[in-house]
Amino acid sequence: MAADQSETGKPSERPQFMFVIHGGAGAISREEMPPDLEKEYRAKLTEALETGYRILNANGSGLDAVEGAIHLMEDSPLFNAGKGAVFTSAGTIELDSSIMDGRTLAAGAVAGVKRIKNPISLARMIMEKSKHVLLVGDGAEAFAKEQGVEMMPEEYFRTERRWQELQRDKEKAEKKPPGEDGKRGTVGAVALDMAGNLAAGTSTGGMTNKRVGRIGDSPIIGAGTYADNQTCAVSGTGDGEYFIRASVAHEISALIGYKGLSVAEAAESALAKANKLGGKGGVIVLGRDGSFAAPFNTSGMYRGHIGPDGKAVVEIYHE
Ligand code: ASP
């Protein structure tokens, strides 16, 4: 039997499995969202949740659920990851991703790649098939080639919507408030599988108009992604520079492990730390007992969860 779940409440017993995803935090307002676009987001998030559910419900691993759901969102032009990623100031696309296994604390990450169709899968390959944690740029793509990872021409990732976002960003002389424009759409997932193992993953194109070579928090273990069976699994989205400086993902794990905070308390505390530095965003956090939280301090965050009852719950705004 599944225990009762809530975004803040702790379940009385560990559910068989649990799966939580996000599709980025940012200026997502109910008023400006075209209804058809909102429908598309809800449908794709539901599909990603159901992908994770099928894997976890068949006694699959949390890592497979995380990779599978992120893979699907990377392939969708809706999100800032894989196809549909945001542009650098030079009009190029550079992708970052990471994955972590809470059972062993093994991790893999990739940054600044331009032709990898599914960076999350390359991150997993780096974790499982190399002795390294983080590979960047040409070296990462050379490793991908050796491993037979699917590559795409750079045009594949480009979408008109993200191109227009870059033009708008360049036209705006004044500085926008952080986390509030053109950056939404990073994707992430956290899973607790039937064996009690936690896993986390994150994938992104970074931030619109970023400098060539800029790397955010998403491929940085402890900043954008963290998983430890003893504490929790975390994936973040928001102003990467601040998430790095506040070590948001590891901070959450540490607050749970050392201070005994609940996932919700730890998540709020770490977000507040990044916010105090000037960074906005959100996190999804899943505890070893199946409790989870998905707080954010932007106007919206695409997110959802699914448990043993198979009911996908998708949310976008502050409900
Ligand atoms: N955290 C990502 C980065 O800084 C962007 C985002 O989540 O919107 O690269």
Side-chain angles (χ1 to χ4, degrees), residues 20-28 41 45 70 73-74 76 78-82 84-89 92-100 109-114 119-120 123 134 136-137 157 161-162 165-166 169 176-190 200-226 234-252 267 270-271 273-275 277-285 294-303 316:
V20 187
I21 62 172
H22 73 77
I28 312 166
Y41 272 107
L45 290 164
I70 290 181
M73 293 190 281
E74 286 176 338
S76 163
L78 290 173
F79 302 100
N80 172 20
V86 300
F87 287 91
T88 67
S89 57
T92 54
I93 288 176
E94 298 182 353
L95 306 168
D96 301 339
S97 181
S98 65
I99 193 163
M100 186 159 184
V110 62
V113 290
K114 295 181 174 169
I120 191 68
L134 172 59
V136 303
F157 300 96
R161 174 185 173 207
R162 298 298 187 192
E165 261 175 27
L166 175 64
D169 202 274
K176 297 177 305 302
E180 288 294 315
D181 195 22
K183 304 163 187 166
R184 54 190 179 272
T186 292
V187 303
V190 290
T202 310
S203 187
T204 189
M207 292 167 113
T208 298
N209 209 9
K210 68 182 182 182
R211 278 193 77 100
V212 168
R214 177 267 187 188
I215 292 170
D217 60 315
S218 307
I220 306 298
I221 296 301
T225 303
Y226 203 74
V234 183
S235 172
T237 169
D239 298 309
E241 281 70 9
Y242 301 93
F243 275 54
I244 293 173
R245 290 167 56 198
S247 302
V248 166
H250 185 266
E251 173 89 355
I252 292 169
L271 267 193
K273 189 172 174 185
N275 196 29
L277 300 174
K280 288 190 172 183
V283 287
I284 50 173
V285 186
F296 54 97
N297 50 30
T298 51
S299 52
M301 178 166 83
Y302 299 108
R303 62 199 189 279
I316 301 177

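Just follow the structure's listing: the first ligand is 1, and inside any ligand the first atom is 1. Side chains are part of it too, since the values below use all heavy atoms of this structure and drop only hydrogens, waters and symmetry mates. The chain is numbered in sequence order, starting from 1.
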Looking only at N/O atoms, are [X] and ligand 1 under 3.5 Å apart anywhere?
X    : answer
G240 : yes
G236 : no
T186 : yes
D96  : no
N80  : no

Would you check, one step at a time, whether the test side chain to side chain contact (heavy atoms under 4.5 Å, CB included) holds for I28 with Y302? CA-CA 9 Å; I28 312 166; Y302 299 108; 3.4 Å; yes
Which one holds for R214 and ligand 1: side chain close, backbone close, both close, or neither close, with close meaning a heavy atom under 4.0 Å?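 Contact part for R214 vs ligand 1: side chain (C-beta onward).
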List in chain and number order the residues that pass side chain to side chain donor-acceptor pair (under 3.5 Å) with S203, two or more places apart in sequence or in another chain; answer none if no residue qualifies.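 With neighbours one apart ignored, the set is E74.
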Mind checking side chain to side chain donor-acceptor pair (under 3.5 Å) for N209 and listing every partner two or more places apart, or none if nothing turns up?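 Checked N209 against side chain to side chain donor-acceptor pair (under 3.5 Å); matches are D169.
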Contact summary for M73 and H22, nearest pair of heavy atoms: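 Shortest heavy-atom separation between M73 and H22 comes out as CE-O, 3.9 Å.
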Ignoring hydrogens, just give me the one of D217, I220, D239 whose non-hydrogen atom is nearest atom 1 (N) of ligand 1.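 Nearest heavy atom to atom 1 (N) of ligand 1 lies in D217.
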Do T202 and S218 have a side chain donor and acceptor closer than 3.5 Å?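 No, no side-chain donor-acceptor pair sits under 3.5 Å.
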Give the atoms of ligand 1, by number and element, whose distance to some non-hydrogen atom of [X] is under 4.0 Å.
X    : result
G206 : 5 (C), 9 (O)
G238 : 1 (N), 2 (C), 3 (C), 4 (O), 5 (C), 6 (C), 7 (O), 8 (O)
T237 : 6 (C), 7 (O), 8 (O)

Is any NZ, NE, NH1 or NH2 atom of the basic residue among E241 and R214 found under 4.0 Å from an Asp or Glu carboxylate oxygen of the other?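 Salt bridge: yes.
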Are there more than 12 heavy atoms of other residues, nucleotides or ligands under 6.0 Å from atom CZ of R161?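 Counting other residues, nucleotides and ligands, CZ of R161 exceeds 12 neighbours.
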G224 heavy atom under 4.0 Å from ligand 1: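 Flag not set, G224 not near ligand 1.
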